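Notes follow the structure.
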Number of protein chains: 2
Amino acid sequence: MSVTVALDAMGSDAGPAAVVEGVAQLSREDVDVHVLLVGDEPQLSTLLAEQRYDASRIAVVHASQVVGMGKKPNEELDAKLDASVLVAASLVKQGQADALVSAGSTGGVVLAAARTFERLPGIRRAALAAVYPTELRHGPRDDPFALMLDVGATLNCSAEDLVGFAVMGSAYSRIVSDIGQPKVALLSNGTEASKGTPAIVEAHQRLLEMPGVNFQGNVEGLDIPRGTVDVIVCEGFLGNVVLKMLEGVSEVVSDIARDAYARKFVWKVGLTMLSQGLRQIRTMTDWKQYGGAPVLGFDHVVIKAHGRSNARAVRNALKVAAKAVRRDLAGEIARGLSD
Amino acid sequence: MSVTVALDAMGSDAGPAAVVEGVAQLSREDVDVHVLLVGDEPQLSTLLAEQRYDASRIAVVHASQVVGMGKKPNEELDAKLDASVLVAASLVKQGQADALVSAGSTGGVVLAAARTFERLPGIRRAALAAVYPTELRHGPRDDPFALMLDVGATLNCSAEDLVGFAVMGSAYSRIVSDIGQPKVALLSNGTEASKGTPAIVEAHQRLLEMPGVNFQGNVEGLDIPRGTVDVIVCEGFLGNVVLKMLEGVSEVVSDIARDAYARKFVWKVGLTMLSQGLRQIRTMTDWKQYGGAPVLGFDHVVIKAHGRSNARAVRNALKVAAKAVRRDLAGEIARGLSD
């Protein structure tokens, strides 16, 4: 099945060159993914001309504006009706593409999706999910990653929202990570069913009664890096703080390793000898290249490629989007909710 | 000034032996701290007899019961009126001791303090604060630590509670870490004043108007391990998850290092060569030995020594408690609130 992805190529920290490189790479692989490259046409065409690519699989669609990083996305979208992310979303809405992938600002893509697409029946609020590195491995491919949602789309959540996130995270993990019955848990301040905010306590009770979700109860902060479960569910405020903290820890570990490397010959030798052992720590600091963050809850597949996306991350985000389309993510979520 | 500390010696994971060892150590130092060692008298006296100690500085006070770890502290305290933590708190209340230190369960000491002591004027809710390791260093001693509160005493907080925590954390940091004007920030999902829950947004505005607090605005998850500020303020639910996650990250890093060490000769050599470079990472995994967690908001100094406390951690918790008494922590908080 051929899949077409509308790719918002603008607004990434790394610039459109890395995005175009990733698209060109993918076009040369045997994957049957077509890409509508949305953004400044002259710039994108010039960048594309510098790459080897399969021209039958890439088309450039012009959009004259870009949602700026660090600005208020609501105001940006109000003012910029020809913003690349809105144009890309419209292509999906109109059926010219099957999925939206954006390398631009997170707020921009979440809001563009909310303005353009419908929410899935039974889903009141969208969620932004993040794949993050864990000590334990997951699924048939032994992935050293787990999924956490929401990490920032919906700051405060009702019990119903959390239940919806559990169903969506479970469906995404089944489809993208090939885990048959993903273990799902609520993030709380204790494992007992009585622990947490009222919304968490209520969601806990409701999830116990849902046969379609392999609900493991509550997990605590300790379980995040360990990776006790495949899918961690929390409200967006908490998920945002936790995810940024994981990034911070990664940076600190990198800094320490880099410092050690720079400082002394004996440490350089030590680090070189340790290269295999350090790979696991490096995974923690580098995990962003391994794909994108799905925006879940809409009737179309939406993936946010990471802000500092390199070519490989863009290619992976496109592949993940195509997989989610082929395996009918929206249908899988709907089935999870109807159980 | 001589300070007397009532020390609840029971209920720690490590058992009373490590607690007694720490007390004995401190008694041999030139610090003028007296300890009332509260718990099972025969057991404590036997343990004490095995140590070298200054008998003029240690007295054993019998308590026949212990608050169990992992049980509901409210029910435990209702049922066990002779629990060591309640007896120790009473000694402080009656003026026989100046501060309460407990090696037992966190819930037990927070509740025993709430039942026995008065809250400080202007403080509606108590906070449990935690010292945690950071990349950046703090204060005149270049401590690689910062303070975070609340980490679990008050799950959901009003703006007023958060402001109180900021004042208390600032006072504690001034007194215990000797930082003249500790940098204080609210933990949120963005640095802008508009970011966060309504309580955070309101607390932000109020803290801007308090000259006694060196308020730096909001920080994000990234800033926790980096240590951008000296004191991070958040509600207890969030702080609990974040602190346990830091512990989890520490354990994962330890596990990886231990695995690497066990696996191959070349890695052993590498790790040994790196020992100085790894010390900084080890600090992150070992930080619990560096003192206790203050319970703030009461009219007496209360310190929770960590559950897996070793002798050194107990000794340090006693020294911190004595310092907080000598420098009048309660008065410092009251002055902060009246500014």
Side-chain angles (χ1 to χ4, degrees), chain A residues 72 133-136 152 155-156 187-190 192 195-198 200 220-228 234 236-253 255-257 259-261 263-264 266-278 280-281 284, chain B residues 133-136 152 155-156 187-190 192 194-198 200 220-228 234 236-253 255-257 259-261 263-264 266-278 280-281 284:
Chain A
K72 295 197 169 163
T134 60
E135 183 178 22
L136 295 174
L155 286 198
N156 293 112
L187 181 56
S188 192
N189 62 318
E192 305 90 327
K195 287 282 188 171
T197 61
I200 292 171
E220 298 183 274
L222 275 170
D223 299 290
I224 300 170
R226 197 171 288 161
T228 318
C234 61
F237 179 76
L238 179 60
N240 176 287
V241 170
V242 159
L243 190 72
K244 286 186 183 157
M245 187 171 134
L246 271 175
E247 292 177 24
V249 168
S250 301
E251 286 178 17
V252 168
V253 171
D255 284 357
I256 292 172
D259 265 21
Y261 197 83
R263 233 179 286 169
K264 266 196 183 171
V266 60
W267 292 356
K268 280 190 206 186
V269 177
L271 275 169
T272 306
M273 291 174 98
L274 271 174
S275 57
Q276 266 183 283
L278 283 174
Q280 209 172 337
I281 289 176
M284 285 191 64
Chain B
T134 61
E135 183 178 22
L136 295 173
L155 286 197
N156 294 113
L187 181 58
S188 192
N189 62 317
E192 305 91 326
S194 60
K195 288 282 189 171
T197 61
I200 292 171
E220 298 184 274
L222 275 170
D223 299 289
I224 300 171
R226 198 171 288 160
T228 318
C234 60
F237 180 76
L238 180 61
N240 176 286
V241 170
V242 159
L243 190 73
K244 286 187 183 156
M245 187 171 136
L246 271 176
E247 292 178 24
V249 169
S250 300
E251 286 180 15
V252 168
V253 171
D255 284 357
I256 292 171
D259 266 21
Y261 197 83
R263 232 179 286 169
K264 264 194 184 175
V266 59
W267 291 356
K268 279 189 207 187
V269 176
L271 275 170
T272 305
M273 292 174 96
L274 272 172
S275 58
Q276 266 184 281
L278 284 173
Q280 209 172 339
I281 289 176
M284 286 190 65

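Since this is a predicted model, take the numbers as computed values, not measurements. Protein chains get the first letters and strands the later ones, always in sequence-line order, with residue 1 at the start of each.
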Where A:Met245 and B:Leu246 come nearest, the two heavy atoms and their spacing: CE-CG, 3.4 Å
For chain B, the option from A:Ser188, A:Gly196, A:Gly239, A:Gly236 that forms the most heavy-atom pairs under 4.5 Å: A:Ser188
Closest contact, heavy atoms only, A:Gly248 versus B:Pro225: C-CG, 3.5 Å
For A:Leu222, all residues meeting side-chain contact (heavy atoms from CB on, under 4.5 Å), sequence neighbours excluded: A:Arg226, B:Lys244, B:Glu247, B:Glu251
Residue among B:Cys234, B:Gly221, B:Gly227, B:Gly190 with most heavy-atom pairs under 4.5 Å to chain A: B:Gly221
Heavy-atom contact with chain B under 4.5 Å, split by part of A:Leu136: neither
Closest heavy-atom pair and its distance - A:Leu187, B:Phe237: O-CZ, 3.8 Å
Chain A contact via B:Asn156 - side chain, backbone, both or neither, heavy atoms under 4.5 Å: side chain
